[in-house]
Trainee: 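Attaching a single structure in structure tokens format; questions to follow.
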Protein chains: 2
Amino acid sequence: MVKDLYCSFWGDDMRIGALGQVTGVDPETIRYYERIGLLPTPTRRTNGYRAYGPAHLERLAFIRHCRALDMPLADVQRLLHLLDHPLDDCQDVDRLIDTHLAHVQGRLQSLQALTRQLEQLRGRCHGQHATAECGILHELVAAAQGESCVCHGGSVQAPLKDVQRSVSQTG
Amino acid sequence: MVKDLYCSFWGDDMRIGALGQVTGVDPETIRYYERIGLLPTPTRRTNGYRAYGPAHLERLAFIRHCRALDMPLADVQRLLHLLDHPLDDCQDVDRLIDTHLAHVQGRLQSLQALTRQLEQLRGRCHGQHATAECGILHELVAAAQGESCVCHGGSVQAPLKDVQRSVSQTG
DNA sequence: CCTTGACCATGTAGTGACTACAAGGTTTTT
DNA sequence: AAAAACCTTGTAGTCACTACATGGTCAAGG
């Protein structure tokens, strides 16, 4: 029986391990979501164990789905609030998704440029030799010294922050 | 004169602010690189200020160029070591770049899928209405509940970790 | 009855690559 | 002389977890 596997999954409440199994989320992550106020505090059994119901399962699944879409937890928080207070204007949701989409598309373009640069860089090294003659290292050093390179094509002073931001996490 | 701007840039040493100006790196970041052993400790002036020479400038530029290629600092560290000890085999450099390239390409594919998903999601909402009828929110909730969706097409149990790893930072 | 093992609780610290202060000293400008 | 801009150190914050330490709870096996 699945009930045996999930330890009272079919009962009226789940322990944190069962919830984790069903959603594929580490129990430590679930506790983390609770700590930062993303998941409501569950009721407790007499022994202090957290007792989760279907509502928690739904909410956690929603969070994970949004995370699979690479949304930051702050955005997920806002969406959950809109779900809880469905009287507001839908435009908030629109803007949130639009902003997030722009974010992702920006990072996508950066990564595409990055891939081209790395591929060209990779092509500089052929066969086996000492690092002293390595075309990749030479290219990297030359590029860093501001000569026109496969990556920047410009000077050292170019602001790298934009590139890095768009490549890194959403924050 | 540029000398006035950069405070002894043309002298035999630069202060941290000047180095930051020339390379476009925040002085706090430069100190951070020094702290984690990426930049060698510079000599000090009599007043305790850090005094940087051309060697530091080159090294910092190299680091930033690698970072612009989205390499983790650990990889940069290894490349710097290979530059300092150029007797080793060049294959190390090759492997490092190859691994990094594979990383970036993986993230690129994740982001492409993500963009498609978000665009489809965005298309669910038309015009102005209350969140209670918002197609985006409905889609997100439905998807989270395991119905076939524009994103997963599968169940809640799907392991999201792979997606997230490939989308996030290199680490 | 005792032990083993799996589960749960809390709290703290670590990750990467910075960023932002706080509290004080120095140099330059007004 | 005073104010602004620079420098120093150290510490703590960011994001979304992850890992660990320490201890409590519970079911099954010997």
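Throughout, protein chains are lettered first and strands after them, A, B, ... in sequence-line order, and every chain is numbered starting at 1.
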Trainee: Go through the steps to decide whether B:L73 and B:Y32 satisfy the test side-chain contact (heavy atoms from CB on, under 4.5 Å), and finish with yes or no.
Mentor: CA-CA 12 Å; B:L73 290 182; B:Y32 166 73; 4.0 Å; yes
Trainee: Inspect the contact between B:R59 and B:D84 and indicate whether a charged nitrogen and a carboxylate oxygen are less than 4.0 angstrom apart.
Mentor: yes
Trainee: Counting only side-chain nitrogens and oxygens, does A:R50 get under 4.0 Å of the OP1 or OP2 atom of C:dT10?
Mentor: yes
Trainee: Produce the list of close N/O pairs, under 3.5 Å, pairing protein atoms with atoms of nucleotides 23-26 of chain C; give distances to one decimal.
Mentor:
residue : atom : partner : partner atom : Å
C:dG25  : N2   : B:Y49   : OH           : 3.0
C:dT26  : O4'  : B:Y49   : OH           : 3.3

Trainee: Is there a side-chain polar atom (N or O) of A:R45 under 4.0 Å from OP1 or OP2 of C:dC7?
Mentor: no
Trainee: Figure out the OH/C1' separation between A:Y32 and C:dT12, and round it to whole Å.
Mentor: 15 Å
Trainee: Do A:R50 and A:D13 meet the salt-bridge criterion of a basic N to acidic O distance under 4.0 Å?
Mentor: no
Trainee: Atom CZ of A:R15 to atom C1' of C:dA6: distance rounded to whole Å?
Mentor: 9 Å
Trainee: Return the nearest nucleotide to the side chain of B:D26; candidates are C:dC18, C:dT19, D:dA16.
Mentor: C:dT19
Trainee: Between B:I16 (CD1) and C:dT19 (C1'), how many Å, whole number?
Mentor: 14 Å
Trainee: Can you tell me how far C1' of D:dC7 sits from CG of B:D13, to the nearest Å?
Mentor: 14 Å
Trainee: How is A:I36 classified with respect to the nucleic acid when contacts are heavy atoms under 4.0 Å: base, sugar-phosphate, or nothing?
Mentor: nothing
Trainee: Between A:E28 (CD) and C:dT15 (C1'), how many Å, whole number?
Mentor: 14 Å
Trainee: Does the plane of the ring in B:Y52 sit parallel, tilted or perpendicular to the ring in B:H56? Use 30° and 60° as the thresholds.
Mentor: perpendicular
Trainee: To the nearest angstrom, how far is A:R31 atom CZ from D:dT18 atom P?
Mentor: 13 Å
Trainee: Between A:T46 and B:R44, which residue's closest nucleotide on DNA chain D lies nearer the 5′ terminus?
Mentor: B:R44
Trainee: Would you say A:I16 ends up clustered with A:Y49 if hydrophobic residues are merged whenever their side chains have heavy atoms under 4.5 Å apart, either directly or through other cluster members?
Mentor: no
Trainee: For the pair A:R78 and A:D92, find out whether any cationic side-chain nitrogen is under 4.0 Å from an anionic carboxylate oxygen.
Mentor: no
Trainee: Let me know, please, whether A:A51 or B:L73 comes out on the 5' side of the other along DNA chain C by nearest nucleotide.
Mentor: A:A51
Trainee: Taking only N and O in the side chain of A:T29, is any of them less than 4.0 Å away from OP1 or OP2 of D:dA16?
Mentor: no
Trainee: Among D:dC6, C:dC18, D:dA16, which nucleotide sits nearest the side chain of B:R67?
Mentor: C:dC18
Trainee: If the cut-off is 4.0 Å, is B:R35 near the phosphate of D:dT8, judged by side-chain N/O to OP1 or OP2?
Mentor: no
Trainee: Separation of B:M71 atom CE from C:dA17 atom C1', in whole Å?
Mentor: 16 Å
Trainee: B:Y33 has an atom OH; how far is it from atom C1' of C:dT19, in whole Å?
Mentor: 12 Å
Trainee: For A:Y33 and A:R64, test the side chains for any donor-to-acceptor distance below 3.5 angstrom and give the result as yes or no.
Mentor: yes
